[in-house]
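Worksheet: the structure to be examined is printed underneath.
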Amino acid sequence: MACAYSLLQKGLVGELVLADVMKDKLKGEVMDLQHGGAYQHGRIVECDDDYEASRNSDICIIAAGVRQQDGETRLQLADRNRDVLKHIIPPLVAKSPNTVILMVSNPVDIMTYIAWQLSGLPANRVLGSGTFLDSSRFRTLIGQELDVNASSVHAWIVGEHGDSSVPVWSSVNIAGVHLDTSHSANFDKIHERVVSAAYDVIKLKQKGYLCPYQSRFLPHRQGYTNWAIGSAVSTLCGIILQNQQRVVPVSTYVKGVHGIDESVFLSLPCVLGSRGVERILHQPLDDKELQSLQSSAKNLWAVQKDIKF
Ligand SMILES: NC(=O)C1=CN([C@@H]2O[C@H](COP(=O)(O)OP(=O)(O)OC[C@H]3O[C@@H](n4cnc5c(N)ncnc54)[C@H](O)[C@@H]3O)[C@@H](O)[C@H]2O)C=CC1
Ligand SMILES: CC(=O)C(=O)O
């Protein structure tokens with residue numbers, strides 16, 4: 001819903017079709033979005049299980065499935081969300097054979113691989129939001145440390161979206177000035193904070209608390225992250241819909257790149273346009289970064305290899 005809301009607020013879509021197996025929830029969300037109709041552009045349409053309403057979509061965003069409970073890793077969701085994709089991808093692609101699929105469901109790199117396999121589409125047209133979100137978290141935290149806006153911090157996280165992600169410290173710069181991380185111990189912690197970001201947000205947003213106005217305890221509910229991924233996904237959609245050819249870290253098929261032997265998707269800098277990933281850019285990495293990237297690929301493969309279709 002955060003992705004949908006962000007797309008509408010940016011005025012990026014002529015028509016936005018929403019699908020969900022929870023029909024009443026879907027109806028309620030669609031009505032709620034439609035009621036802002038006087039203040040936003042874009043038709044909002046509810047979709048049935050046959051996906052007919054989504055016919056000939058330019059982009060299909062998949063954010064369906066289960067999310068992490070407090071402390072659960074993304075990789076632990078793999079089997080459950082694979083089953084969800086089996087129900088969604090084939091009928092969806094049958095209606096929109098020229099679409100670009102943008103995966104968000106976790107573990108996003110593995111789900112992107114599964115979506116690619118189930119869709120029969122060329123690999124360039126199936127991508128995952130990957131470390132586009134992690135890179136924003138990274139740039140934001142560096143910016144906070146230096147009192148500079150995140151958009152002026154040029155910094156990349158590559159690899160798995162999540163625990164084995166790789167910060168490319170060797171190329172972090174602001175206005176071409178390389179960052180000297182030696183003067184502040186806080187820089188050491190920044191990547192750890194990026195990795196723990198989702199866990200922290202989920203924990204904080206789920207706490208029960210004593211409401212001072214109602215004098216009663218509002219119970220615990222499941223935590224989740226949504227606003228940042230909403231911004232990230234709508235930005236990616238804008239790049240694709242407007243064929244911007246921007247270079248962004250997204251999850252793509254990487255076998256053979258940077259010495260990666262495994263058949264996995266993970267994030268590297270990609271030129272993104274209306275056909276999806278146009279090409280991968282070869283980013284110079286130091287030895288430690290290269291090793292970490294290769295080990296991130298192995299981590300993903302260790303989970304992916306046991307997934308049955
Ligand atoms: N890649 C990223 O950076 C991020 C990924 N996520 C992931 O996105 C996924 C969704 O998270 P939330 O929106 O918080 O969960 P949510 O529980 O609010 O929404 C998931 C929705 O998927 C629907 N669904 C389940 N099976 C379906 C099917 N077969 N067809 C259609 N709809 C189906 C559910 O009914 C539910 O409404 C999770 O896997 C989560 O981990 C969330 C945030 C960031
Ligand atoms: C949930 C998730 O993957 C994130 O917020 O990074």
Nearest 0.5 Å, please: how far is CD1 in I62 from SG in C3?
11.5 Å

Heavy-atom distance under 4.5 Å between the side chains of L85 and M103, does that happen here?
yes

For N243 and Q245, test the side chains for any donor-to-acceptor distance below 3.5 angstrom and give the result as yes or no.
yes

CA sep, side-chain torsions, deciding dist, call: E262, K255, salt bridge (Lys or Arg N to Asp or Glu O under 4.0 Å)
CA-CA 6 Å; E262 294 78 13; K255 187 173 181 183; over 6 Å; no

Check the orientation of H258 and H282. Use parallel for under 30°, tilted for 30 to 60°, and perpendicular for over 60°.
tilted

Test K10 against T235 for side-chain hydrogen bond (donor to acceptor under 3.5 Å, both in side chains), laying out the working first.
CA-CA 9 Å; K10 289 181 181 170; T235 303; 3.0 Å; yes

Give the minimum heavy-atom separation between G223 and R67, together with the two atoms involved.
O-NE, 3.9 Å

Can you tell me if N173 uses its side chain to pair, donor with acceptor, with the backbone of S171 under 3.5 Å?
yes

Where do K86 and N81 land on the side-chain hydrogen bond (donor to acceptor under 3.5 Å, both in side chains) test, with the steps shown first?
CA-CA 9 Å; K86 277 167 131 176; N81 281 343; over 6 Å; no

Which pair of heavy atoms, one from D109 and one from H161, lies closest together, and at what distance?
OD2-N, 2.8 Å

Taking S105 for its side chain and A64 for its backbone only, find out whether a donor-acceptor pair lies under 3.5 Å.
yes

Can you confirm whether or not the ring centre of W169 sits under 6.0 Å from the ring centre of F138?
yes

Pairwise side-chain contact, V93 with L121, heavy-atom cut-off 4.5 Å (strictly under):
yes

Are the side chains of L266 and V158 in touch, meaning some heavy atoms are under 4.5 Å apart?
no

Does the pair R275 and N124 meet the rule for a side chain to side chain contact (heavy atoms under 4.5 Å, CB included), with working shown?
CA-CA 7 Å; R275 286 175 302 183; N124 63 295; 4.1 Å; yes

Classify the ring geometry between W116 and Y253 as parallel (under 30°), tilted (30 to 60°) or perpendicular (over 60°).
tilted

Contact between H191 and I157 at the side-chain level, heavy atoms closer than 4.5 Å - yes or no?
yes

Residue from D163, T225, D70 passing side-chain contact (heavy atoms from CB on, under 4.5 Å) with Y199:
D163

side-chain contact (heavy atoms from CB on, under 4.5 Å) with I280: which of V271, V257, V250?
V257

Which residues pass the side-chain contact (heavy atoms from CB on, under 4.5 Å) test with D49, not counting sequence neighbours?
K23

Look at the side chain of Q304 and the backbone N and O of S263, then say whether any donor-acceptor pair between them is shorter than 3.5 Å.
yes

Using atom types as modelled and distance alone, determine if a side-chain donor or acceptor of N149 lies under 3.5 Å from a backbone N or O of S151.
yes

Between the side chain of S165 and the main-chain N/O of D134, is any donor-acceptor distance below 3.5 Å?
no

Could you please spell out the steps behind the side-chain hydrogen bond (donor to acceptor under 3.5 Å, both in side chains) verdict for E289 and S170?
CA-CA 8 Å; E289 290 159 356; S170 62; 2.8 Å; yes

Is there a donor-acceptor pair closer than 3.5 Å between any side-chain N or O of S129 and the backbone N or O of V233?
no

Would you say R139's side chain and V153's backbone share a donor-acceptor pair under 3.5 angstrom?
yes

So that I can tick it off, tell me whether E72 and R80 are bridged by a salt bridge, with the cut-off set at under 4.0 angstrom between side-chain N and carboxylate O.
yes

Atom of L33, atom of A4 and distance for their closest heavy-atom approach:
CD1-CB, 4.2 Å

Within the distance-only criterion (no hydrogens, no angle test), does the side chain of S119 pair as donor or acceptor with the backbone N or O of A115 below 3.5 angstrom?
yes

Is it the case that over 12 heavy atoms from other parts of the model lie below 6.0 angstrom from the OH atom of Y5?
no

Check whether any side-chain N or O of S251 sits under 3.5 Å from a backbone N or O of G130 as a donor-acceptor pair, and report yes or no.
no

Taking D79 first and then R82, would you say they form a salt bridge - that is, a charged N and a carboxylate O separated by under 4.0 Å?
yes

Distance (rounded to the nearest 0.5 Å) between I142 CD1 and H154 NE2
11.5 Å

Is any side-chain heavy atom of K27 closer than 4.5 Å to one of E46?
yes

I'd like to know if the side chain of T99 and the backbone of S96 have a donor-acceptor N/O pair within less than 3.5 Å.
no

